[in-house]
Amino acid sequence: MPIAEVDGRRIKLSNLDKVLYPEPGFTKGEVLHYYTHIAPYLLPHVQGRPASFLRFPEGVEGQRFFAKNIPPGAPEWVRTVDVPTSSGTTHHVLVDDLSTLLWAVNLAAIEIHVPQWQAAEPGIADRIVFDLDPGPPATVVECCRVALLVREALRADGLDAWAKTSGSKGLHLYVPLAGAPSKDASAYAKALAVRLEREHPDLVLHQMTRKLRPGKVFLDWSQNAQAKTTVAPYAIRARPEPTVSTPVTWDEVADCAAPEEFVFLPDEVRERAADQGDLLAELLETAFDLPGMPD
């Protein structure tokens with residue numbers, strides 16, 4: 001079994017030739033290779049946040065496990081944080097460094113999800129997220145139209161947002177906060193979604209009801225609740241192909257004319273990061289005060 005030494009720690013790597021994505025033949029070794037190279041861009045967005053993982057031991061077509069608790073047998077150097085829940089306490093991993101990231105990915109933890117708050121201040125949101133999810137026949141093209149509307153509404157409230165693809169069908173928008181209770185951040189996000197639905201009823205929907213969603217963009221505000229998580233920037237998704245949740249510019253959002261323009265695979269994301277740096281870097285350097293509720 002290969003041994004990798006990272007940050008002075010030894011990590012046993014297993015089944016590197018195992019195909020996790022049958023359609024393109026993308027292996028576990030290739031997943032590890034991608035995360036190793038993208039780590040400088042990914043880690044700042046997950047450090048200090050209790051992580052949850054979607055694990056696929058038999059690949060993306062096999063059984064999945066949504067893992068919140070640290071698994072038995074984890075190395076003693078893996079840092080954790082206890083998070084109280086309505087049913088007890090969960091013991092989440094803190095993905096604060098490359099060694100922890102690769103240890104988790106070696107367990108076939110393909111997707112990494114984190115909340116909108118730091119472990120040091122549970123339930124105090126340091127960002128708002130809007131998850132724009134298209135109801136067919138709407139696509140990410142319509143999501144981009146809605147994203148521009150969201151940004152316009154945010155700017156009227158003295159805020160701004162940064163965008164990334166979901167790595168699936170939609171788009172995520174992040175708004176950095178100076179710190180606000182999760183319930184207040186969630187209430188603001190919901191109020192803004194309700195207002196945009198009222199102003200653009202043929203395009204925007206704030207309700208999760210599936211029968212209402214065809215042809216519209218569900219502006220999901222609910223991921224701001226303290227118990228909810230969102231897939232991390234630069235994380236690979238468990239889709240037929242290893243698509244990545246990829247930061248994009250507002251020019252790209254405005255110019256998006258076809259869904260395939262917002263599908264990014266690992267090699268392309270690595271090249272984008274090398275050429276453009278982290279398009280979400282300003283998200284980590286900016287903080288807005290939460291305004292009052294939108295009208």
Side-chain angles (χ1 to χ4, degrees), residues 1-21 26-57 59 65-83 89-115 117-122 126 229-238 242 244-247 266-267 269-281 283-285:
M1 183 179 295
I3 303 290
E5 185 164 328
V6 182
D7 304 328
R9 298 160 175 165
R10 293 166 61 83
I11 306 169
K12 295 180 180 179
L13 304 178
S14 59
N15 302 317
L16 297 181
D17 294 331
K18 187 176 186 64
V19 175
L20 296 183
Y21 291 83
F26 202 73
T27 66
K28 182 178 174 182
E30 289 175 295
V31 174
L32 282 160
H33 181 74
Y34 165 76
Y35 274 117
T36 298
H37 284 85
I38 209 65
Y41 306 96
L42 180 153
L43 286 173
H45 297 287
V46 299
Q47 286 169 335
R49 300 180 190 272
S52 300
F53 304 102
L54 268 178
R55 294 178 57 187
F56 297 83
F65 303 90
F66 191 67
K68 294 184 177 182
N69 286 293
I70 186 171
E76 62 180 14
W77 44 261
V78 174
R79 294 184 60 223
T80 62
V81 62
D82 293 344
V83 177
T89 300
T90 51
H91 311 288
H92 290 258
V93 171
L94 293 173
V95 184
D96 285 345
D97 48 50
L98 177 59
S99 53
T100 303
L101 174 63
L102 297 186
W103 163 81
V105 173
N106 186 62
L107 298 177
I110 294 175
E111 293 192 10
I112 304 168
H113 295 245
V114 291
W117 46 269
Q118 300 270 350
E121 293 188 286
D126 62 353
T229 61
T230 305
V231 71
Y234 301 102
I236 301 180
R237 303 305 303 271
V244 176
S245 183
T246 307
D267 283 349
V269 175
R270 287 177 53 198
E271 292 175 4
R272 285 173 61 91
D275 291 342
Q276 302 173 307
D278 180 14
L279 294 178
L280 297 181
L283 179 70
L284 304 172
E285 302 165 357

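Only a predicted model underlies this, so the values are computations on that prediction, with no experimental measurement involved.
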### Message
Applying side-chain contact (heavy atoms from CB on, under 4.5 Å) to Leu16 and Leu32, what does each step give before you reach the verdict?
### Response
CA-CA 8 Å; Leu16 297 181; Leu32 282 160; 3.5 Å; yes
### Task
Taking all heavy atoms of Ala39 and all of Pro44, pick out the closest pair and write down the distance.
O-CD, 4.1 Å
### Query
Is it true that Arg270 and Asp275 have a side-chain N and a carboxylate O under 4.0 angstrom from each other?
no
Pairs of donor and acceptor atoms involving the side chains of residues 92-101, under 3.5 Å and at least two apart or interchain, shall be tabulated with distances.
from	atom 1	to	atom 2	distance (Å)
His92	ND1	Ala51	O	3.0
His92	NE2	Thr90	OG1	2.9
Asp96	OD1	Gly48	N	2.8
Asp96	OD2	Arg79	NH1	2.3
Asp97	OD1	Ser99	OG	2.9
Asp97	OD1	Thr100	N	2.8
Asp97	OD1	Thr100	OG1	2.7
Asp97	OD2	Arg9	NH1	3.1
Ser99	OG	Asp7	OD2	3.2
Ser99	OG	Arg9	NH1	2.8

### Within-4.5 Å side-chain heavy-atom neighbours: Thr230 and Val114
no
### Query
Is there side-chain contact between Tyr35 and Ile112, with heavy atoms separated by less than 4.5 Å?
yes
### Message
One pair to check against side-chain contact (heavy atoms from CB on, under 4.5 Å): Asp126 and Arg49. What are the steps and the verdict?
### Response
CA-CA 11 Å; Asp126 62 353; Arg49 300 180 190 272; 2.9 Å; yes
### Query
Okay, side chain of Glu30, backbone of Thr27: is any donor-acceptor separation there less than 3.5 Å?
yes
### Query
Taking side chain as C-beta onward, heavy atoms only, is Val19 less than 4.5 Å from Phe26?
no
### Query
Atom OG1 in Thr36, atom CG in Leu42: separation rounded to 0.5 Å?
11.5 Å
### Query
Arg272 and Leu279: side-chain contact (heavy atoms from CB on, under 4.5 Å), yes or no, with the steps?
CA-CA 9 Å; Arg272 285 173 61 91; Leu279 294 178; 3.7 Å; yes
### Query
Yes or no on side-chain contact (heavy atoms from CB on, under 4.5 Å) for Val83 and Thr89, after CA distance, side-chain angles and deciding distance?
CA-CA 5 Å; Val83 177; Thr89 300; 5.8 Å; no
## Note on the structure
Residues Ala74 and Trp103: closest non-hydrogen pair is CB-CZ2, 3.5 Å
### Task
Using a 4.5 Å cut-off on heavy atoms from C-beta on, say whether the side chain of Gln276 contacts that of Glu271.
no
### Query
Is there side-chain contact between Ser14 and Lys28, with heavy atoms separated by less than 4.5 Å?
yes
### Expected output: side-chain Asn106 to main-chain Lys12 donor-acceptor under 3.5 Å
yes
### Task
Would you name the heavy atoms of Pro50 and Pro115 that are closest together and state the gap between them?
O-CD, 3.1 Å
### Task
State, with a plain yes or no, whether a side-chain heavy atom of Pro233 is found less than 4.5 Å away from one of Ser245.
no
### Query
Once you round to the nearest 0.5 Å, how far does CZ of Phe56 lie from OH of Tyr21?
7.5 Å
### Task
Kindly compute the distance separating CZ (Arg10) from CD (Glu5), expressed to the nearest 0.5 Å.
6.5 Å
### Task
Measure the spacing between CZ of Phe66 and CG of Leu54 and express it to the nearest 0.5 Å.
6.0 Å
### Summary
Rounded to the nearest 0.5 Å, the NZ atom of Lys68 sits from the NE2 atom of His91 at a distance of 13.0 Å
#### Entry: Interatomic spacing from CZ in Phe53 to CD in Glu111 - rounded to 0.5 Å
12.0 Å
### Query
Should Asp278 and Tyr234 be marked as a side chain to side chain donor-acceptor pair (under 3.5 Å) after you check the CA-CA gap, both sets of side-chain angles, and the distance that decides it?
CA-CA 10 Å; Asp278 180 14; Tyr234 301 102; 2.6 Å; yes
### Query
Side-chain contact, heavy-atom cut-off 4.5 Å: Arg55 with Ile110?
no
### Query
Hey, does Tyr34 have a side-chain heavy atom less than 4.5 Å from the side chain of Ile236?
yes
